[in-house]
Amino acid sequence: MKKIGIALSGGFLRGVAHAGFLKGLEQKGICPAAISGASAGSIIGALYAYGYSPDKIIEIARSLNWKQLATPSFKGGLFKLTKLKHKLEEFIGDTDIKEFKIPFALTVVDLKTLKVKFVTEGRASDWIVASCSIPPLFAPWKIDGNYYIDGGIRNAMPAEFPKVFGCDIVIGSSVHFVNPEYNPNSLADVALRSAMAQVLENQQYREHFCDIVVNHFLPGSPFDFKNVENFFKTGYENGLKTAEEIKKWL
């Protein structure tokens with residue numbers, strides 16, 4: 001049996017589509033041998049690799065809001081994700097990444113060296129938060145004396161990991177796309193689009209490590225929790241379609 005690996009992109013709340021995507025694959029009998037993720041993809045990927053079902057992940061997403069995840073900071077970023085770390089600890093405790101049921105890796109960027117780092121071990125809650133800390137919205141996250149920021153800045157869809165792990169088929173699941181509508185007076189919109197320019201370029205490089213790349217088109221604000229249900233549904237529908245395509249390779 002061929003081993004299948006999945007790489008999940010970042011994308012704020014649009015990352016919930018990855019959970020729907022995994023559910024669609026599951027229902028068609030496609031189970032990943034390895035998972036990687038950046039930013040939002042690191043959250044979904046980690047929860048799934050730890051053992052949570054896609055249905056449980058969307059249930060968690062439905063119950064959340066930004067006040068439960070971020071607090072004002074203005075030191076290195078507008079907000080700090082301390083509450084996200086506490087929320088993650090509610091679900092996965094202080095589990096080490098290497099103890100997950102499915103081999104998992106995430107990416108972060110070392111703020112001192114600006115080099116990307118693949119993380120396959122260490123306290124998951126800390127590294128996930130670091131992978132989500134995109135400036136200037138979220139402040140850098142400190143681990144063992146070093147500061148780290150969002151892995152998506154340099155590696156937005158880390159498909160190298162499942163490829164190196166030995167997966168025969170690597171699937172890239174991306175929620176990144178250019179929305180022509182934006183507000184030039186919105187700090188969030190401008191910051192998001194500036195980051196997106198970097199993300200799209202480095203993601204295109206990672207697509208060469210993938211056998212299949214699925215681009216989820218997800219209209220609606222990536223910051224509004226009211227949209228998570230539609231994001232999940234779109235990912236699920238794409239997962240079902242992709243599973244049929246993969247079966248032709250098996």
Side-chain angles (χ1 to χ4, degrees), residues 6-13 15 18 34-52 57 60-61 64 66-162 164-165 191-192 195 198-199 202-203 206:
I6 301 178
L8 309 176
S9 77
F12 296 96
L13 299 181
H18 297 315
I35 303 174
S36 60
S39 198
S42 75
I43 298 178
I44 304 301
L47 290 174
Y48 187 82
Y50 177 82
Y52 283 102
I57 294 173
I60 292 170
L64 298 175
W66 284 114
K67 289 183 179 180
Q68 294 172 284
L69 304 177
T71 53
S73 171
F74 301 107
K75 293 182 179 180
L78 297 177
F79 300 92
K80 190 168 185 178
L81 293 174
T82 305
K83 288 186 177 181
L84 171 59
K85 173 177 167 59
H86 295 159
K87 186 61 64 174
L88 287 167
E89 289 174 338
E90 289 182 24
F91 297 108
I92 62 176
D94 61 354
T95 306
D96 193 295
I97 293 174
K98 64 184 178 183
E99 297 173 2
F100 285 179
K101 294 180 180 179
I102 300 173
F104 176 73
L106 58 78
T107 55
V108 296
V109 172
D110 187 317
L111 191 57
K112 184 175 182 179
T113 65
L114 298 183
K115 292 182 178 180
V116 68
K117 176 182 175 71
F118 279 80
V119 181
T120 58
E121 62 181 4
R123 183 174 294 178
S125 59
D126 270 317
W127 287 112
I128 294 169
V129 172
S131 187
C132 293
S133 296
I134 183 168
L137 293 180
F138 303 126
W141 195 253
K142 188 177 183 180
I143 302 175
D144 297 330
N146 293 324
Y147 287 91
Y148 298 93
I149 55 177
D150 195 314
I153 291 173
R154 291 207 59 183
N155 192 327
M157 192 175 68
E160 297 97 321
F161 173 71
V164 171
F165 186 76
L192 178 62
Q198 297 173 301
V199 165
N202 78 57
Q203 178 176 296
R206 269 75 200 186

Working to the nearest 0.5 angstrom, can you tell me the gap between [X] [atom1] and [Y] [atom2]?
X: Leu137; Y: Phe12; atom1: CG; atom2: CZ; value: 5.5 Å
X: Ile44; Y: Leu8; atom1: CD1; atom2: CG; value: 8.0 Å
X: Ser125; Y: Lys87; atom1: OG; atom2: NZ; value: 13.5 Å
X: Ile60; Y: Ile43; atom1: CD1; atom2: CD1; value: 10.5 Å
X: Leu47; Y: Leu88; atom1: CG; atom2: CG; value: 6.5 Å

| Results of side chain to side chain donor-acceptor pair (under 3.5 Å) for Trp127 - residues two or more places apart only | none
Identify the heavy atoms of [X] and [Y] that sit nearest to each other, and give their distance.
X: Leu81; Y: Ser133; result: CD1-OG, 4.0 Å
X: Lys83; Y: Ala70; result: CB-N, 4.2 Å
X: Asp96; Y: Glu121; result: OD1-CA, 3.5 Å
X: Ile35; Y: Gly45; result: CG2-CA, 4.0 Å
X: Gly11; Y: Ala40; result: N-CB, 3.9 Å

| field | Step-by-step side-chain contact (heavy atoms from CB on, under 4.5 Å) determination, Asp94 to Glu89 | value | CA-CA 6 Å; Asp94 61 354; Glu89 289 174 338; 5.9 Å; no
pair [X]-[Y]: side-chain heavy atoms closer than 4.5 Å:
X: Trp66; Y: Leu13; result: yes
X: Ile92; Y: Tyr52; result: yes
X: Tyr48; Y: His18; result: no

Under 3.5 Å, which donor-acceptor pairs link side chains of residues 97-111 to any protein atom two or more places apart or in another chain?
from: Thr107; atom 1: OG1; to: Asn155; atom 2: O; distance (Å): 3.2
from: Asp110; atom 1: OD1; to: Lys112; atom 2: N; distance (Å): 2.8
from: Asp110; atom 1: OD1; to: Thr113; atom 2: N; distance (Å): 3.4

Check: [Y] main-chain N/O paired with [X] side-chain donor or acceptor under 3.5 Å:
X: Ser36; Y: Phe161; answer: no
X: Asn202; Y: Ile153; answer: yes
X: Arg206; Y: Ala156; answer: no

Contacts table for residues 142-152: side-chain donor-acceptor under 3.5 angstrom, sequence neighbours left out:
from: Asp150; atom 1: OD1; to: Gly152; atom 2: N; distance (Å): 2.6
from: Asp150; atom 1: OD2; to: Ser39; atom 2: OG; distance (Å): 2.8

